[in-house]
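Small disclaimer: the values here were computed from a predicted structure and weren't measured. We count residues from 1, following the sequence as given.
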Amino acid sequence: EAGEQCLIEVVDLLFAETFSVEVDEGFVFLAWRTRENSLCGGSAEPCALLTSGFAGNDILLSFLVSDEVFFLEPELRPDAPLVSEALDCIDVPDSGVNPGTDLKKVTLSGDNAICNDGSPGVMYIRAAGSELAAQDWTIYFQGGSGCLGPDCAERWCRLSNRMSTLGTPEATNVGGIFNRRDDNQLGDNNQAFLYYCSSDNFSGQSTDFVVEESEEAPEYRIHFRGNAILNAALATLERGAISDDQSVVLPPLGGAGTVTLSGASAGCGSLGYNADRVGERLQGLGLATQVICDANFAPDLAFLPDDERVDAVAASAETISNLRSENLDIVRDESCLELQIEEPWRCDVASYVLANHVTRSPVFVRMDLGDNTIYENYEGVGYTLEEFARSTREALISASEGLGIEQPPRPLSVYGPACGRHSAVFSDTSYFETMVGEGNAARSYSDAVEDWIAGTQVVLVDSVPATSSVCSE
């Protein structure tokens, strides 16, 4: 029966059995699973096992008197087409990065390190630009929203380049924090750009999730394996990543340097889930870690006007969190889950987790007070843009004062322009030219990051209405 294990003890030369698989309706048998000590691994044929041929072979006979265990395990999957096969709205996904020459592609191999459509996860890498930065790293988590299952069909037809790597180029160029200009302190670091194709904030653990047929789409299956992609990327970097074309060879990740973990939008959300877990892993390699989170510090409930709209925001967040658990099998911050037993949905709110639970690394947050992309989630329950801006400002100031629940207080550095722009960490104009502050105290995003790296706590947040932002084109 499904889910049962059968133990067979084989002790003589008389054993002879042939094993086959009968699957329930709705599933298909792929092959016998390949693993250590597996039998018939990779074959889809009935597995015939007999010991009569062991006679006269001391090595084979030794297995009959040993305690060694061997496995025969069928590999099944739901009998439903992949999202890419079920929907005919596109032929081949395009790319979520532009073709370029600076960072070269690495195709990831690893257990289930696959995108929504089953294509392999990838990252882009570039070696350090100077000897001084040879032990330092910037690892970027790409953003691009996400989906929860039933809404993935619409996402595939609109944004398949965040669900597949089939259209990705062999190399790309990236600006902002990766730009190797003289006034960018992080620009010369070893660089790794984690391409986002799993729609789950690099945190899902679900394979072959089946979405039932609806009026909008036929039945399909989809993978949410972002956590496996992240682990495969880190493992590859730890070994010493080599680009697919062999032109870039990075040193093994580890030693005495500093790793800057950065992400924007859904990539910032990824850090809410993963920053402490990844930080612990990297610190175990002798590295220091720091976090730059861009464009996903939405105001938590405590900073919103206290009326019935707060209940609507909480109810929506709880519903989404439940779907992430049931459909995506999300990995969340452990300290948050330990505390939020009654309200585990709070562990999906990046601003709450960053301000209260990410403790292994110093954190720098940039959030535009007029971020229309994030505001859309609040507009739907009746908040005005001004209310959103005031609440965002209050959340940033509170985080800078270390008013979260972690003890001792751990203030964040915060940068809050009022330019109506979503993510900015990869925009040359927004990263180097947008300014916040009055007179000589005005600082660009890049300046503020440099101050923070030097050990200065940064608190640069515009007022509402705006008075101190100089916005780039």
Side-chain angles (χ1 to χ4, degrees), residues 82-110 113-126 138-147 151-180 191-202 204 220 222-226 228-230 232-233 236-237 241-248 250 262-270 294-295 373 422-431:
L82 276 167
V83 61
S84 55
E85 301 164 342
L87 304 175
D88 59 5
C89 50
I90 62 166
D91 293 326
V92 178
D94 59 4
S95 175
V97 294
N98 294 323
T101 58
D102 292 343
L103 285 89
K104 299 298 182 70
K105 183 161 74 172
V106 178
T107 301
L108 300 172
S109 61
I114 52 176
C115 307
N116 293 137
D117 69 340
S119 56
V122 306
M123 65 179 171
Y124 289 87
I125 62 172
R126 179 162 59 166
T138 301
I139 300 176
Y140 178 75
F141 294 65
Q142 189 185 25
S145 65
C147 62
D151 56 332
C152 292
E154 185 276 334
R155 177 175 170 84
W156 176 259
C157 295
R158 175 180 54 85
L159 201 65
S160 61
N161 61 25
R162 292 296 196 277
M163 303 175 74
S164 174
T165 57
L166 292 180
T168 53
E170 293 305 306
T172 188
N173 296 338
V174 182
I177 198 172
F178 275 19
N179 192 317
R180 290 202 160 151
Q191 298 171 347
F193 179 105
L194 307 190
Y195 190 92
Y196 184 46
C197 65
S198 56
S199 306
D200 60 4
N201 302 96
F202 290 97
Y220 59 88
I222 185 170
H223 310 299
F224 298 102
R225 299 298 314 202
I229 292 173
L230 172 58
T236 301
L237 292 169
I242 303 173
S243 63
D244 290 353
D245 67 2
Q246 309 289 305
S247 66
V248 178
L250 296 185
S262 60
S265 192
C268 174
S270 302
D294 185 62
T373 300
H422 186 42
S423 60
V425 71
F426 271 145
S427 164
D428 284 343
T429 53
S430 294
Y431 192 67

Gap between atom [atom2] of [Y] and atom [atom1] of [X] - 0.5 Å precision:
X: Leu250; Y: Leu237; atom1: CG; atom2: CG; value: 6.5 Å
X: Arg155; Y: Leu87; atom1: CZ; atom2: CG; value: 13.5 Å
X: Met123; Y: Phe141; atom1: CE; atom2: CZ; value: 11.5 Å
X: Asp117; Y: Leu82; atom1: CG; atom2: CG; value: 7.0 Å
X: Leu108; Y: Cys115; atom1: CG; atom2: SG; value: 9.0 Å
X: Arg162; Y: Tyr196; atom1: CZ; atom2: OH; value: 9.0 Å

Worksheet entry | Side-chain donor/acceptor of Ser270 to backbone N/O of Ala266, under 3.5 Å |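 Yes, Ser270 side chain to Ala266 backbone: donor-acceptor pair under 3.5 Å.
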Item to complete: Look only at the side chain of Gln142 and the backbone of Val97, and say whether a donor-acceptor pair between them is shorter than 3.5 Å.
Response: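 Side chain of Gln142 to backbone of Val97: no pair is present.
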Would you name the heavy atoms of [X] and [Y] that are closest together and state the gap between them?
X: Ala264; Y: Val425; answer: CB-CG1, 4.0 Å
X: Ser199; Y: Asn116; answer: OG-OD1, 2.6 Å
X: Ser243; Y: Asp245; answer: OG-OD1, 2.7 Å
X: Ser160; Y: Ile90; answer: OG-CD1, 3.1 Å
X: Val83; Y: Tyr220; answer: CB-CD1, 3.7 Å
X: Ser247; Y: Lys104; answer: OG-NZ, 3.0 Å

Answer yes or no: is there a side-chain heavy-atom contact under 4.5 Å between [X] and [Y]?
X: His422; Y: Ser265; value: yes
X: Ser262; Y: Tyr140; value: yes
X: Asp244; Y: Val122; value: no

Between side-chain atoms of residues 165-178 and protein atoms elsewhere (two or more places apart, or another chain), which donor-acceptor pairs fall under 3.5 Å?
{"from": "Thr165", "atom 1": "OG1", "to": "Ser119", "atom 2": "OG", "distance (Å)": "3.4"}
{"from": "Thr165", "atom 1": "OG1", "to": "Pro120", "atom 2": "O", "distance (Å)": "2.7"}
{"from": "Thr168", "atom 1": "OG1", "to": "Lys105", "atom 2": "NZ", "distance (Å)": "3.1"}
{"from": "Thr168", "atom 1": "OG1", "to": "Thr165", "atom 2": "O", "distance (Å)": "2.7"}
{"from": "Glu170", "atom 1": "OE2", "to": "Lys105", "atom 2": "NZ", "distance (Å)": "3.4"}
{"from": "Thr172", "atom 1": "OG1", "to": "Asn98", "atom 2": "O", "distance (Å)": "2.6"}
{"from": "Asn173", "atom 1": "OD1", "to": "Thr101", "atom 2": "N", "distance (Å)": "2.8"}
{"from": "Asn173", "atom 1": "OD1", "to": "Asp102", "atom 2": "N", "distance (Å)": "2.9"}

